[in-house]
Novice: 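I'd like to ask you about the structure that follows.
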Amino acid sequence: MCRNASYTTVERVIEVRELTKSYGRTVAVDGLSFQVKPGSVTGFLGPNGAGKSTTMRILLGLDAASSGEALINGGRYTGLRRPMYEVGALLDANAVHSGRSAFDHLRCLARSNRIGTRRVAEVLEQVGLAGVARKRVGGFSLGMKQRLGIAAALLGDPGVLMFDEPVNGLDPDGVRWIRELMRSLAAEGRTVLVSSHLMSEMELTADRLVIIGRGRLIADTSVRELADRFRRGVTVRSPRSADLTAALAAAGATVDTTPSGALSVQGLAVDEIGDLAAARGIPLYEVTPHSATLEEAYMELTSDSVDYRAEKSIAR
Amino acid sequence: MTKDVFAAEWLKLRSVRSTYITLAVPIAFLAMAAMLALYAANMWDGLTPEDRDHFGLSSLSTLNADVTGVCLAILGVLVVTGEYRTGMIRTTLTAVPRRGSLLLAKAAVVGAVALPAGLAVTFGTFFTVKLIIGDRPIRGQPSSVVAELPELLSRGAAVTVYALLGLGLGLILRSTAGAIVSVFMLWYVMPLMAANLPAPWNERVGSFMLGGLPDQVIGGDNENSIFGSVLPPPIALLVLLAYAALPLAAAATLLNRRDA
Amino acid sequence: MTDVLFSEWLKLRSARSTQWILATVAGFVTLCAVWSFYIARYWDGLSPERQAKLQAAPAEHPLVLTLPLCMAVLGVLAITSEYATGLMRSSLAAVPRRGVLFAAKAASVGGVASATGLLSVGVAFGLGRLIVGDRAITDFRTPVSEELPWLLSLGLSAAVVALVGLGLGTALRSTAGAVTGLCVLLFVLPGLAPLLPAPWDERFAAILPSNLAEQIAGDAADPVLGPVPALLILLAYAVTALAAGLVVLKRRDS
């Protein structure tokens, strides 16, 4: 559990303000502004090259911003005295020395922030690596290295957690484990920022989404709102389709007939359709509202920002 | 805070194989020196007095001090380039965002290993050879520990400079091959090139070379070597320290300015 | 085979480290020119008796020590950078016959190193002669035909050292280990030779790569080896190192 249950307005908040980073003439991050608050999992999404990793590196003081601010707990990361107690991050699971054991690797990190070996054993237990703690990291699979990286992030029991593509290389069991871990960390009142390009996974994990493309903010919203924004209409089945179509059209809706004989109605809510049908005595066999899948919503939002898109495959 | 970073860096050094390999080499060299001394002593015993005058064995403790210096310079290089090569440097900088503290801790750890290692190996080689050769007045061999004490101390301690030089070069170049090559250039190639300069420049420039400084620090004259002895002891000491301080200063600036 | 050769050549050519190494060699060639210029000016300022007695290191001298070092690093990095980046696995997947892959690497490294060696030595020498012009400085006046064997063997030994680097790098799979090993071979061992009891000190010194070049050219003062044995020993270095590398490459997992 977290040590501090109560917090001031700025504590555990990640804030990015007009952040800009350019490498020569390439602008990786362009006037980006968003906030990440505690208590929920925030997904950081965008196509490849959108600037997610760059933003995270700037937040962690690894790279310097060209202009703008990147603050955690109201201040810069580089000003923190024992940063591991406040922020835990997993950036690259492969960034380990292959000759060391998992235990030694964590021990070195922990020692730099005066975290003891008991805690090292605890986090190894928590991520399921206690059995291989004394084995060389070089022999680990990618999934095991990811778990090791997560263990490193958890060492200081921090209030803010940042994960860059944590599910890469995990099997379905591992993916589910991480999802549950992140949700439980958020439920404990921590701030969890997860960057990913796997929309389907984000749908299940995140409560809020920050979507960026080409270094710019595209959307900063909750998962629900995003789905609602891209509603696709209502599917209606009825034995008296023709009558229903006329009635709905008269009420101002757009009605299309699908090949299967069902009607796709846009412009009227579910209850309005039901009331209309009831008033005319038309039986309804199905009334199903559709939101776009999050994936469709995401694709539509970022379609302009995708730098590297594969052509549709040409089957020969 | 700094004590914690130092402890973490110390743990890092201890848990990597390359540390033990670089420390094993001077020890292997010591064993070799012992065998050589044994051979020389045996040969000496069988020589006539005139032949004995021509027979010489150069100071093995001096040689091993050099070897240890280069080995520890490589250790200094690897302490840094190992992190850059694996990408671990980002994790380290996330745990220790104060880059000045990190550099200080790395330098302290490397120095803390280099100084005792340099002294131990230099004195160890000296005593081992002395034990084997005993009282035989072989030409080129030092006479007594008391007479040799300043030189042994100076050369042994100078190993620390080599190690810190390696650390600095590793941080500046961020490349294992580049830094190791630079160490050998500074240690070996530059003095040989300086020796080709016409007098008096060969002596003057040679005096500034790394290998020639420990002797000048104790007021020696670097006889029988390509190094000069133009510098008075205090200046020689300053130049020796500069070999470590200047690269480290440059490294600190670069470390602070560069992205991880 | 030609495809693999071509791809290895492209790999070598496009690596950043190769550009750095070649730039360093070019820098040392410039140093050779600067040296020649300095010697010429220095000579001009001397009295005639001292002019006649001046012994100066020849124009290509700065390269004698540095060229082998640079080429050694070229050879080492050609292989260890692939292991470090994990590229080795893709390469072996593309070319599963490891002997073929290795031979192609050796050929491209050897080719680049020979070309660099001969070119740099030739240019340094030529610039030296050009700069010194008519001045009667010893070592700058010997006829080109006499110098040719020396220059050729310098270039050749640079190529051999590159191949030793490739072999050692493959066998050890460690940049630090291979570079250090080569530096020891080129720099430390010559310093240890005098320690050995005679006649082993001379014999040991004679077989070291740094001393073979002049014996091949027949220029050495007191040669222990004739030109042909020296050449064979030099080639033996390359063959041994490459064989060791090939054995390791074939036997171990990628």
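The chains referred to below are lettered A, B, ... by the order of the sequence lines, with proteins before strands, and numbering in each begins at 1. Just so it is clear, the values below take in all heavy atoms, side chains as well, and ignore hydrogens, waters and symmetry mates.
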Novice: Just do the side-chain contact (heavy atoms from CB on, under 4.5 Å) check on C:T180 and B:T22 with the steps written out, would you?
Specialist: CA-CA 11 Å; C:T180 307; B:T22 46; over 6 Å; no

Novice: Can you tell me if B:R136 has over 12 outside heavy atoms packed within less than 6.0 Å of its CZ?
Specialist: yes

Novice: State whether the number of non-hydrogen atoms from other residues, nucleotides or ligands found under 6.0 Å of C:F37 atom CZ is greater than 12.
Specialist: no

Novice: Just how far is it from atom OG of B:S59 to atom CG of C:L195, taken to the nearest 0.5 Å?
Specialist: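 Result: 10.0 Å between the selected atoms.
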
Novice: Which is it for B:M193 and C:T66 under the side-chain contact (heavy atoms from CB on, under 4.5 Å) test, yes or no, and what are the steps along the way?
Specialist: CA-CA 10 Å; B:M193 294 217 261; C:T66 54; 4.3 Å; yes

Novice: What do the steps show when you test C:V184 against B:V70 for side-chain contact (heavy atoms from CB on, under 4.5 Å), and what is the final call?
Specialist: CA-CA 10 Å; C:V184 166; B:V70 170; over 6 Å; no

Novice: So B:F184 and C:L65, do their side chains get closer than 4.5 Å, heavy atoms only?
Specialist: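 Side-chain contact under 4.5 Å: no.
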
Novice: For C:W20, is it the side chain, the backbone, both, or neither that has a heavy atom closer than 4.5 Å to a heavy atom of chain B?
Specialist: neither

Novice: Which value, rounded to the nearest 0.5 Å, describes the distance between B:W201 atom CH2 and C:Y42 atom OH?
Specialist: 10.5 Å

Novice: Atom NE2 of C:H61 and atom CG of B:L192: how far apart are they, to the nearest 0.5 Å?
Specialist: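 Nearest 0.5 Å value for the NE2-CG distance: 7.0 Å.
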
Novice: What's the spacing between C:T24 OG1 and B:M185 CE if we round to 0.5 Å?
Specialist: 7.0 Å

Novice: Can you tell which of C:A57, C:C183, C:A84 has the highest number of heavy-atom pairs within less than 4.5 Å of chain B?
Specialist: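 Counting heavy-atom pairs under 4.5 Å, the top option is C:C183.
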
Novice: Taking all heavy atoms of C:L192 and all of B:F29, pick out the closest pair and write down the distance.
Specialist: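 In terms of heavy atoms, the two residues are closest at CD2-CZ, 3.6 Å.
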
Novice: Most heavy-atom pairs under 4.5 angstrom with chain C, which of B:A177, B:S58, B:P198?
Specialist: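 Most pairs with chain C among the choices: B:P198.
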
Novice: Does a sphere of radius 6.0 Å around CH2 in B:W44 hold more than 12 heavy atoms from other residues, nucleotides or ligands, not counting ones at 6.0 Å or beyond?
Specialist: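 Above 12, so yes.
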
Novice: Measure up the B:Y188 and C:F187 rings against each other and bin them: parallel (under 30°), tilted (30 to 60°), perpendicular (over 60°).
Specialist: parallel

Novice: Under the side-chain contact (heavy atoms from CB on, under 4.5 Å) rule, what do B:T176 and C:V179 come out as? Steps first, then yes or no, please.
Specialist: CA-CA 9 Å; B:T176 313; C:V179 170; over 6 Å; no

Novice: How far does CG of C:L69 sit from CD1 of B:I180, to the nearest 0.5 angstrom?
Specialist: 11.0 Å

Novice: Between C:A176, C:P62, C:A72, which residue shows the highest count of heavy-atom pairs closer than 4.5 Å to chain B?
Specialist: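 Going by pairs under 4.5 Å, I would pick C:A176.
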
Novice: Nearest 0.5 angstrom please: C:S174 OG to B:R17 CZ, how far?
Specialist: 8.5 Å

Novice: Between B:L197 and chain C, with a heavy-atom cut-off of 4.5 Å, which part of the residue counts as in contact: side chain, backbone, both or neither?
Specialist: both

Novice: Can you tell me if CD on B:Q141 sees more than 12 non-hydrogen neighbours from other groups inside 6.0 Å?
Specialist: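 Yes, because the 6.0 Å sphere around CD of B:Q141 holds more than 12 heavy atoms from other groups.
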
Novice: Could you look at C:L182 and say if it's the side chain, the backbone, both or neither that has a heavy atom under 4.5 Å from chain B?
Specialist: neither

